[in-house]
Amino acid sequence: MESRCENCIIRQFNSLRAMSKEELKKVSDSKVTKTIKKGEALFEEGEKLDGVFCVRDGISKLSKLSANGKDQIVKLATKGEVIGQRSVITEESTNLSAVAVNDMEVCFIPKENIVNTLNTNPAFAVEVLRHMAHDLKEADDVIVNMSQKSVKQRVAEAFLYLKNNFGEDPDGFLHLTLSREDISNVVGTATESCIRIISEFKKKGLLKASGKKIGIADERKLLDLAEGF
């Protein structure tokens, strides 16, 4: 019963909450639940999607390949988010790739369910627009940060983002551990530069590490650095 869309608490975090019970039943009858292993792609940039993915568990990185062959991570999609709806609605190839950061459970919802509900349920259409507008705002923020903030500021911001959005374990280490390459792809710099900056932050007592785990040791100083003080 928990896997039925009408009984799923996850939908409260996305546009599916605006669907009627009858519409949710149709979605539930047609959706497919998939397990995506860490490192596997949900879809690649340039693909045509036949539906959208609702994240039940796990995290996906959404990235775009730049002209120099380096990925730029523009968003981390978490539990409750719907991935791929812009491509499905506009009937365009995907502008981004989606790859699992850790093991994921997703529900694939066929395109017809989304398009039919958009045409018949104005409340659902408004919810979809609201989520797409939020994504555009986040993209605007990324552009501003890339053009106006230093690499050190962006690295500091990345760790604060990971803490605020994914939390810490009882020992004060970040729940979500990104590779150094992923962090460099978030902030838009070379992996080697990112490694040097993280090492510098650890020496200054801003960050702490234990094996692959990393945590924020002095949030106030890290925040000041991110804000340019």
Side-chain angles (χ1 to χ4, degrees), residues 10 13-16 27 30-119 124-125 127-147 154 158 161 165 176 178-191 193-194:
I10 295 298
F13 300 107
N14 59 48
S15 50
L16 298 184
V27 168
S30 62
K31 74 178 175 66
V32 178
T33 301
K34 300 181 178 182
T35 298
I36 311 293
K37 293 295 183 183
K38 178 181 178 179
E40 289 182 357
L42 283 80
F43 53 82
E44 300 282 359
E45 185 177 339
E47 275 188 37
K48 275 280 196 180
L49 295 184
D50 296 323
V52 300
F53 297 87
C54 180
V55 181
R56 283 180 58 86
D57 197 22
I59 298 163
S60 172
K61 57 183 178 183
L62 303 181
S63 62
K64 186 167 183 62
L65 196 63
S66 64
N68 64 5
K70 185 174 174 63
D71 274 325
Q72 174 65 52
I73 296 175
V74 298
K75 182 181 175 67
L76 294 173
T78 60
K79 182 186 291 188
E81 296 197 53
V82 175
I83 307 174
Q85 50 185 11
R86 181 175 63 190
S87 177
V88 164
I89 291 165
T90 60
E91 296 189 341
E92 295 176 346
S93 299
T94 55
N95 191 43
L96 304 170
S97 297
V99 175
V101 174
N102 49 22
D103 290 351
M104 299 182 70
E105 186 181 351
V106 300
C107 292
F108 178 77
I109 303 170
K111 176 180 177 178
E112 293 74 23
N113 292 101
I114 302 299
V115 175
N116 290 342
T117 309
L118 274 174
N119 291 330
F124 176 66
E127 277 294 321
V128 170
L129 282 172
R130 186 175 289 127
H131 282 85
M132 289 174 71
H134 177 74
D135 286 345
L136 280 173
K137 179 182 178 296
E138 286 191 338
D140 289 343
D141 291 341
V142 169
I143 292 168
V144 170
N145 282 350
M146 293 288 284
S147 62
R154 300 201 301 269
Y161 171 86
N165 287 273
L176 178 60
L178 292 180
S179 69
R180 302 300 190 261
E181 183 180 5
D182 278 345
I183 294 170
S184 71
N185 289 344
V186 168
V187 302
T189 190
T191 304
S193 297
C194 186

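Just so you know, residue 1 is the first one in the sequence shown, and it goes up from there.
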With rounding to the nearest 0.5 Å, note down the distance linking [atom1] in [X] to [atom2] in [Y].
| X | Y | atom1 | atom2 | value |
| --- | --- | --- | --- | --- |
| Gln72 | Leu62 | CD | CG | 12.0 Å |
| Arg86 | Asp135 | CZ | CG | 7.0 Å |
| Ile36 | Asp57 | CD1 | CG | 12.5 Å |
| Cys54 | Glu105 | SG | CD | 10.0 Å |
| His131 | Leu136 | NE2 | CG | 13.5 Å |
| Ile83 | Phe43 | CD1 | CZ | 6.0 Å |

Examine distances only and state if a side-chain atom of [X] and a backbone atom of [Y] form a donor-acceptor pair shorter than 3.5 Å.
| X | Y | value |
| --- | --- | --- |
| Glu127 | Leu16 | no |
| Ser60 | Ala100 | no |
| Ser87 | Glu92 | yes |
| Asn102 | Ile59 | yes |
| Thr117 | Asn113 | yes |
| Thr191 | Glu181 | no |
| Lys70 | Gly188 | no |
| Ser97 | Ala41 | no |

Exercise. Evaluate the side chain to side chain contact (heavy atoms under 4.5 Å, CB included) criterion for residues Val82 and Val128: first the C-alpha distance (whole Å), next the side-chain angles of each, then the deciding distance (0.1 Å), finally the verdict.
Key: CA-CA 10 Å; Val82 175; Val128 170; over 6 Å; no

Self-check item: Full working for side chain to side chain contact (heavy atoms under 4.5 Å, CB included) between Thr78 and Asn165
Solution: CA-CA 9 Å; Thr78 60; Asn165 287 273; over 6 Å; no

Could you tell me whether the side chain of [Y] reaches within less than 4.5 Å of the side chain of [X], counting heavy atoms only?
| X | Y | answer |
| --- | --- | --- |
| Glu45 | Leu96 | no |
| Ile114 | Ile109 | yes |
| Leu49 | Lys111 | no |
| Val55 | Met104 | yes |

Self-check item: Set of side chain to side chain contact (heavy atoms under 4.5 Å, CB included) partners for Asp182, sequence neighbours left out
Solution: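 Asp182 satisfies side chain to side chain contact (heavy atoms under 4.5 Å, CB included) with Lys61, Ile73, Leu178, Ser179, Asn185 only.
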
Quiz item: Quick one: do Lys75 and Glu81 make a salt bridge, cutoff under 4.0 Å?
Solution: yes

Exercise. Begin from the C-alpha positions of Lys38 and Val101 and carry the test side chain to side chain contact (heavy atoms under 4.5 Å, CB included) through to its verdict.
Key: CA-CA 5 Å; Lys38 178 181 178 179; Val101 174; over 6 Å; no

Quiz item: With respect to His134, which candidate in Arg130, Glu138, Lys137 satisfies the side chain to side chain donor-acceptor pair (under 3.5 Å) definition?
Solution: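 One option only clears the test, and that one is Glu138.
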
Exercise. Check Val52, Thr33, Leu42, Asp50 against Phe108 for a side-chain contact (heavy atoms from CB on, under 4.5 Å) and give me the one that passes.
Key: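 Of the listed residues Val52, Thr33, Leu42, Asp50, the side-chain contact (heavy atoms from CB on, under 4.5 Å) partner of Phe108 is Asp50.
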
Practice problem: Determine whether more than 12 heavy atoms belonging to other residues, nucleotides or ligands lie under 6.0 Å from atom NZ of Lys48. | Solution: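 Yes - once you tally the heavy atoms of other residues, nucleotides and ligands closer than 6.0 Å, there are more than 12.
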
